[in-house]
2 protein chains.
Amino acid sequence: MTYRDFKKSVDQAKSDLYRETLARHPEAVRVKKEATAVRNLERIFAAALKVANEKGFAAMTLRDLSAATGMSMGALYAYFSSKEELLAMLQEQHRSVTRRILEQALDRRRDPMERLRAAVRIHLYLSEAMQPWFFFAYMEARHLPAAERKKSMESELATEKLFEDLMTEAVAAGALAPRDCRMAASLTKAMVQDWYLKRWKHAGRRITVDQYADAVLDAVESYGKATGH
Amino acid sequence: MTYRDFKKSVDQAKSDLYRETLARHPEAVRVKKEATAVRNLERIFAAALKVANEKGFAAMTLRDLSAATGMSMGALYAYFSSKEELLAMLQEQHRSVTRRILEQALDRRRDPMERLRAAVRIHLYLSEAMQPWFFFAYMEARHLPAAERKKSMESELATEKLFEDLMTEAVAAGALAPRDCRMAASLTKAMVQDWYLKRWKHAGRRITVDQYADAVLDAVESYGKATGH
DNA sequence: ATAAAAAGCGAGCGTTCGCTCGCTTTTTTG
DNA sequence: CAAAAAAGCGAGCGAACGCTCGCTTTTTAT
C-alpha cells in the first residue's frame, strides 16, 4: 500500500468521526441540525489547529478563533462550553481516529514482520494525513488537566507497546535477531514522531512520506539484523 | 568518557556563562553588583524553566514567576525589560552553552568514527545535564519572533549537519557502508532528541543516559553496516 | 406568506494580564 | 554612624482575556 491509497480511506472516514464527536458532546453543542453542526465543527477544528499550532493553544484567544473561522464569539460558544472543553474535544477526536485506523489496518495481516512493517507505515501515513492533529496533540499534551494528560500518555505508550510486541513476535519467528525490543520500539517511535514534529525540514528536502517510511523501516531491519555487542 | 566526568565540566562552566549573559544584556539588567546579579539571574532562569516547562511560557504569568523565585514584580523587572526579553535571554543562553560545549568536545579527536560517536554521546550528555533548557528550547521555538526562530532553526540544522558530515567522513574512511548520510543524520537526531523530550518515560524505565547513548550508537552503526536495498 | 424555531451576532461584564513607579529596606561609602 | 546608593517591594494602571446575553437575521414549518 502507498500513501495515496491510504489517504482516500481516511478522508472518507472523517465525516463519520465528526458525527461521533457531536454524539459524544450533546451537552456542549447547542446546534440542532447535524449537517450545520458538522460543517461548523470542521471549520472550528481546522481553524483552531491552524492558529494553535502557530502560537500555542494558551496564546490563541477566542477572538483569534473568531477571526479565523469567520464566526462570532457567540456562535463559537454554541459548539463548546469553554476553551478548555474545546481542547478536550480536539484531543479526544485525535485519539479516537488514531485508535480506529491503526486497529483496522492491522487485523488483516498475519506474518509478524509484515505486521511490524504495516504498523510503522500506517502510523506514518496517518500522521501525514492528519499532521496538524498529531503536532497539536504532542505539543499540548503537557497543558492538559491531569486526567486528560494521563489518557494521552497511555495512548502513546500503547502505540509503543504495539511496536514492541510486534518486534518480539518477529524475533520469535526468527525474522529479527534478538535485541532489547522495548528499546528498539522506543527508538522507532522517536523516528516516527520526528516526521510530523519537523515537517518543515522534511518538506524542504522534498522527502515524501513513502521515502521516509522506507528509511525508518530500513533502520529498524538493519538494527534487527546486526548482532548487538 | 562517562556522564559523571562530563557533568563536572558543565557545572564548572555555568557561572562563566551567567556573567556572559549579563555582559550581553547591559541595557536590561539594572543591578550593579555582579555577584548579586548572577545569583538572582540563576534563581530567575531556574524558576522560569521549571514553571514554563510545566504550563508553557505563554501561560506562565509574572506573578507565577514572582512566587517561584520569592522576588517581587519590581525586583524581577530589574533583570529583564519585558517577558519577551526574558524568553530571548533563555534561548540565547541555551544556544551559546550548546555551541561552546560541543565545539570543545570534538576538537581533540581525529578518527572519523570516534568523532561521530563522541558527537552523539556529548550531545546526549549535554541534554541530560541541561534537560530543562533543551526541553524549553524545543517546545517554545515556534513562539519566538521570526528573527529568533530563525536562529533556533539554524542551530538545529547545524547540529544535524555535523552528524551528517561525520557520517560522510566515516563512509569515506570505510568505517561505514555507503548510505544516505543526510537521512541517517536526521534519524539519529530524532533519537537523540527523544531523550530529553520524553524523559519521564526513560526515567520510569530506569534507563541511564549512558545506556541510552549505547543503544543509539548501536542503531547508528547497525544502519551503517547493513546494505541498503 | 407568516409565525415559530434555530442560528448567529458583538458590545459589555468581571477578571487577570504585563508592566510601572513612588516608596521602604538593605548595603555600601566616607 | 550617618548619608548616599543600591536593591527590593506591591498596589495600581490600561489593555486584553474568557465568556454571556439580549437582540437580529436566517431557516424551517404551516
Side-chain angles (χ1 to χ4, degrees), chain A residues 18-19 22 25-48 51-52 54-90 140 143-145, chain B residues 18-19 22 25-45 47-48 51-52 54-90 140 143-145 148:
Chain A
Y18 277 98
R19 266 187 284 277
L22 282 170
H25 295 266
E27 75 293 348
V29 178
R30 292 202 313 265
V31 175
K32 305 285 174 67
K33 273 183 62 185
E34 194 184 71
T36 305
V38 167
R39 172 167 37 85
N40 282 335
L41 254 195
E42 280 180 7
R43 278 167 70 188
I44 291 169
F45 282 2
V51 177
E54 279 169 13
K55 54 165 65 176
F57 187 80
M60 177 188 77
T61 73
L62 290 173
R63 286 165 182 84
D64 288 337
L65 192 57
S66 172
T69 55
M71 298 166 74
S72 69
M73 300 281 291
L76 289 177
Y77 274 86
Y79 295 90
F80 49 82
S81 58
S82 71
K83 194 185 177 189
E84 192 179 343
E85 190 185 50
L86 172 61
L87 176 57
M89 287 166 78
L90 286 165
E140 303 295 343
H143 306 142
L144 264 38
Chain B
Y18 276 98
R19 267 187 284 276
L22 282 169
H25 295 267
E27 75 291 348
V29 178
R30 292 202 314 265
V31 174
K32 305 286 175 66
K33 272 183 62 185
E34 193 184 70
T36 304
V38 167
R39 173 166 38 87
N40 283 334
L41 253 196
E42 281 181 7
R43 278 168 70 188
I44 292 169
F45 282 4
V51 177
E54 280 169 14
K55 54 165 66 176
F57 187 79
M60 177 188 77
T61 73
L62 290 172
R63 287 165 182 84
D64 289 337
L65 193 57
S66 172
T69 56
M71 298 167 73
S72 69
M73 301 281 292
L76 290 177
Y77 274 87
Y79 295 90
F80 49 83
S81 58
S82 71
K83 194 186 176 188
E84 191 178 344
E85 190 185 50
L86 171 61
L87 176 57
M89 287 167 78
L90 285 165
E140 303 295 342
H143 307 142
L144 265 38
E148 288 284 326

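Chain letters run A, B, ... following the sequence lines, proteins first and then strands; every chain starts at 1.
- Taking atom OH of B:Tyr79 as the reference point, atom P of D:dA7 lies 7 Å away to the nearest angstrom.
- Within a 6.0 Å sphere centred on CD of B:Glu84, heavy atoms belonging to other residues, nucleotides or ligands number 12 at most.
- Between B:Leu87 and B:Glu148, every side-chain heavy-atom pair lies at or beyond the 4.5 Å cut-off.
- In this structure, A:Glu85 places its CD atom 14 Å from C1' of D:dG18, rounding to the nearest Å.
- Two residues are said to be in side-chain contact when any heavy atoms from C-beta on lie closer than 4.5 Å; A:Lys83 and A:Leu65 fail this criterion.
- Taking CG from A:Leu76 and CZ from A:Arg63, the interatomic distance works out to 11.0 Å, rounded to the nearest 0.5 Å.
- An OP1 or OP2 oxygen of C:dA7 is reached within less than 4.0 angstrom by no side-chain nitrogen or oxygen of A:Asn40.
- Taking CG of B:Leu86 as the reference point, atom CE of B:Met60 lies at 5.5 Å (rounded to 0.5 Å).
- When rounded to the nearest whole Å, the span between NZ of B:Lys83 and P of C:dC19 equals 8 Å.
- Nearest heavy-atom pair across B:Ser72 and B:Ser66 is CA-OG, 3.9 Å.
- Look at CE on A:Met71: it is 11 Å from P on C:dA7, rounded to the nearest Å.
- Listed by residue number, the members of residues 58-66 of chain B with any heavy atom below 4.0 angstrom from DNA chain C are B:Met60, B:Thr61, B:Leu62, B:Arg63.
- Distance from the side chain of A:Ser82 is smallest for D:dC19 among the nucleotides C:dC9, D:dC19, C:dA7.
- Looking at heavy atoms from C-beta onward, A:His25 lies out of side-chain contact with A:Phe80 at the 4.5 angstrom threshold.
- Annotation: the terminal axes of the helix from C:dA1-D:dT30 to C:dG30-D:dC1 meet at 10°, where each axis is the rotation carrying the C1' atoms of four end pairs onto the next four (5 pairs per end, rounded to 10°).
- To the nearest 0.5 angstrom, A:Glu85 atom CD is 10.5 Å from A:Tyr77 atom OH.
- Contacts of A:Phe80 with the nucleic acid, taken as non-hydrogen atoms under 4.0 Å apart, are absent.
- Without hydrogens or angle criteria, B:Glu140 side chain to B:Phe57 main chain gives a donor-acceptor distance under 3.5 Å.
- Within the model, atoms OG1 of A:Thr36 and CG of A:Leu41 stand 11.0 Å from one another, a figure rounded to the nearest 0.5 Å.
- Nucleotide C:dC17 holds its C1' atom 12 Å from the NZ atom of B:Lys55, rounded to whole Å.
- Annotation: the span from A:Asn40 atom CG to A:Met71 atom CE amounts to 4.0 Å, rounded to 0.5 Å.
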Under 4.0 Å protein heavy-atom contacts per nucleotide of nucleotides 20-30 of chain C, with B for base, S for backbone only and - for none: BB------S--
